[in-house]
Amino acid sequence: MRLALFAASALALAVATPASAWEETGHRMVARLAVEAFPEELPAFLRTKEAAWSLTELSREADRSKGAGQPHDADLDPAHFVDVDDAGKVLNGPALAALPRDREDYEKALQAAGTNSWDAGWLPYTIVEGWQQLAKDFAYWRAARVGEKTGKTRAERRWFAQDRKLREALIIRDLGYWSHFVGDGSQPLHVTMHYNGWGDHPNPNNYTKDRIHGPFEGAFVAANATDAAVRAAMKPYSPCGCTVQVSTARFLGEASGRLVPLYELWGQGGFTNGDPRGTAFVVERLASGATQLRDMVVDAWRASPDFTVGYPPTAARVVEETGKAPFETIYGRQ
């Protein structure tokens with residue numbers, strides 16, 4: 001079973017090598033360089049040294065929480081991966097490029113194909129859901145910023161000021177935690193059924209069946225990737241002009257497309273420590289993760305005015321345009 005294999009692989013890597021796997025070196029690098037590239041249009045609290053440190057460290061949190069027990073692990077571990085097959089489908093079920101709208105329909109489609117989402121993973125949904133939460137967080141921050149200035153009473157203004165500070169802490173937590181999964185999405189072995197060696201699948205090119213997952217994303221990344229190289233490989237911000245679902249599918253599809261080159265390079269010895277071919281490969285992948293993370297945060301900020309706050313709901317855009325934050329509907333019943 002996949003979860004057992006991951007646990008065994010992680011244990012073996014921890015015994016054999018220092019604690020410097022992708023989950024540390026790579027995830028920190030993706031988050032740190034994305035934050036470093038945040039444009040000035042994002043709120044200033046996200047561009048401080050303190051926020052950068054917190055976001056960098058929180059990028060590891062989804063891995064650090066593993067081993068908490070059941071059902072915690074079984075219900076969270078599949079969020080880190082999606083098993084795309086050689087036809088671009090999730091274990092012979094829905095196509096990665098055309099996934100169902102939510103996890104309920106995704107589960108039905110996978111069961112119809114003879115599997116389930118716990119075995120196939122649901123990384124695309126983790127990324128989309130995290131982006132939506134971030135945009136919602138930004139909407140409430142916008143509303144609170146208005147309310148602390150224009151609230152009807154001193155008590156209302158004080159509450160909005162406190163709520164803004166709380167929202168800033170939540171944004172850093174939500175963004176930092178979610179950044180881990182964007183980082184996972186840039187790693188080709190997190191977007192394939194060949195996640196730890198080619199496995200018992202048709203293998204006309206004789207790709208290795210060795211357990212390469214840990215050595216690839218762990219020791220090699222820690223020894224060969226640098227901030228300077230990844231920073232130089234990042235692309236300028238480019239708005240998708242599409243839904244977050246489409247953006248996510250394109251991002252994961254790109255990573256999936258790098259799987260065969262990874263296996264070919266592995267067979268050629270390209271991931272021997274210091275080999276420039278392997279170094280260039282991991283730098284490109286980490287840069288893809290950092291670029292995607294920065295771009296998705298900017299997109300979430302720009303989309304947040306159209307997200308609603310309170311109940312009955314009011315768009316954050318309306319709050320900002322009128323200069324009136326509806327205290328009763330945001331605070332709730334007294």
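Just so it is clear, the values below take in all heavy atoms, side chains as well, and ignore hydrogens, waters and symmetry mates. Here, residue 1 is the first one in the sequence, and each next residue gets the next number.
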Check: Q111/E107 side-chain N/O donor and acceptor closer than 3.5 Å: yes
Quick one: list whatever passes salt bridge (charged side-chain N to carboxylate O under 4.0 Å, His left out) with R317, sequence neighbours left out. D306
Taking only Lys NZ, Arg NE, NH1 and NH2, and the carboxylate oxygens of Asp or Glu, determine whether R145 and E320 approach each other closer than 4.0 Å. yes
Looking at every non-hydrogen atom in both residues, tell me the closest pair between T208 and W266 and how far apart they are. CG2-CD1, 3.6 Å
Is the gap between the ring centers of W122 and Y106 under 6.0 Å? no
Nearest 0.5 Å, please: how far is CG in L259 from NE2 in H194? 6.5 Å
Taking all atoms of both residues into account, what is the closest heavy-atom pair of M234 and R294, and its distance? CE-NH1, 3.9 Å
Donor-acceptor under 3.5 Å (Y125 side chain, A79 main chain): no
Is the shortest heavy-atom distance from the side chain of S256 to the side chain of T192 under 4.5 Å? no
Using atom types as modelled and distance alone, determine if a side-chain donor or acceptor of T56 lies under 3.5 Å from a backbone N or O of A52. yes
Side-chain (H80) to main-chain (H190) donor-acceptor, under 3.5 angstrom: no
Show, in sequence, the C-alpha distance, side-chain angles and deciding distance for W118 and D77, and conclude whether the side-chain contact (heavy atoms from CB on, under 4.5 Å) test is met. CA-CA 8 Å; W118 280 263; D77 287 353; over 6 Å; no
Tell me the closest heavy-atom pair linking I212 and N196, and the distance in Å. N-OD1, 3.2 Å
Could you walk me through whether E24 and R28 pass salt bridge (Lys or Arg N to Asp or Glu O under 4.0 Å), step by step? CA-CA 6 Å; E24 297 169 358; R28 278 188 173 120; 5.1 Å; no
Nearest heavy-atom pair of S304 and R142: which atoms, and what distance? OG-NE, 2.8 Å
Passing candidate, side-chain contact (heavy atoms from CB on, under 4.5 Å) with S54, options I172, V35, T48: I172
Do K136 and T308 have side-chain atoms, one donor and one acceptor, less than 3.5 Å apart? yes
D73 side chain to G67 main-chain N or O, any donor-acceptor pair under 3.5 Å? yes
Taking atom CD as the centre, does Q70 end up with more than 12 heavy-atom neighbours from other residues, nucleotides or ligands that are less than 6.0 angstrom away? yes
Crowded around D75 CG? As in, over 12 foreign heavy atoms under 6.0 Å? yes
Does some side-chain heavy atom of L189 sit less than 4.5 Å from a side-chain heavy atom of E217? no
Check residues 240-247 and write down every donor-acceptor pair under 3.5 Å in which the side-chain atom is one partner and the other belongs to a residue at least two apart or another chain.
residue, atom, partner, partner atom, Å
T243, OG1, V246, N, 3.2
S247, OG, Q292, NE2, 3.3

Would you please test V260 and N205 for side-chain contact (heavy atoms from CB on, under 4.5 Å) and show each step? CA-CA 10 Å; V260 167; N205 296 307; 6.0 Å; no
Knowing that exactly one of Y140, Y311, W159 qualifies, which makes a ring-ring contact (aromatic ring centres under 6.0 Å, His included) with Y331? W159
Which value, rounded to the nearest 0.5 Å, describes the distance between T248 atom OG1 and L99 atom CG? 9.5 Å
May I ask you to decide if R277's main-chain N or O and D275's side chain share a donor-acceptor pair within less than 3.5 Å? yes
I'd like to know if R302 pairs up with E41 as an ion pair, taking the criterion as any Lys NZ or Arg NE/NH1/NH2 lying under 4.0 Å from an Asp or Glu carboxylate oxygen. yes
Do D174 side-chain atoms and L134 backbone N/O form a donor-acceptor pair below 3.5 Å? no
Backbone N or O of F220 within a donor-acceptor pair of the N273 side chain at under 3.5 Å? no
Output, in order, the C-alpha distance, side-chain angles, deciding distance and verdict of side-chain contact (heavy atoms from CB on, under 4.5 Å) for V82 and V90. CA-CA 7 Å; V82 60; V90 182; 3.9 Å; yes
Is there a side-chain contact (heavy atoms from CB on, under 4.5 Å) between V146 and F160? Walk through the geometry before answering. CA-CA 8 Å; V146 171; F160 274 120; over 6 Å; no
Whether R250 and E254 form a salt bridge (side-chain N of Lys/Arg under 4.0 Å from carboxylate O of Asp/Glu) is what I want to check. no
Side chains of D85 and H201: do they bring a donor and an acceptor to under 3.5 Å? no
Determine yes or no for a side-chain-to-main-chain donor-acceptor pair under 3.5 angstrom, with T150 supplying the side chain and G323 the backbone. yes
Atom CZ of R231 and atom CD of E36: how far apart are they, to the nearest 0.5 Å? 4.0 Å
Could you check whether any side-chain N or O of T153 sits under 3.5 Å from a backbone N or O of E156, counting only pairs where one atom can act as donor and the other as acceptor? yes
Taking the six-membered ring for Trp, are W301 and F138 parallel (under 30°), tilted (30 to 60°) or perpendicular (over 60°)? perpendicular
Does this structure show an ion pair linking D137 with R167, if we count only N-O contacts that are shorter than 4.0 Å? yes
Approximate separation, where rounding is to 0.5 Å, of S59 OG and M29 CE: 11.0 Å
Residue pairs meeting salt bridge (Lys or Arg N to Asp or Glu O under 4.0 Å), one or both in residues 91-105, sequence neighbours left out, come to E104-K108
Nearest 0.5 Å please: distance from the CG atom of L123 over to the CZ atom of F251. 8.0 Å
Taking the six-membered ring for Trp, is the centroid-to-centroid distance between F216 and F271 below 6.0 Å? yes
Return the minimal non-hydrogen interatomic distance between L293 and A34, and the atom names on each side. CD2-CB, 3.6 Å
Rounded to the nearest 0.5 Å, how far apart are CD of Q187 and NE2 of H27? 8.5 Å
With side chains defined as the heavy atoms from C-beta onward, is the minimum distance between P39 and V298 less than 4.5 Å? yes
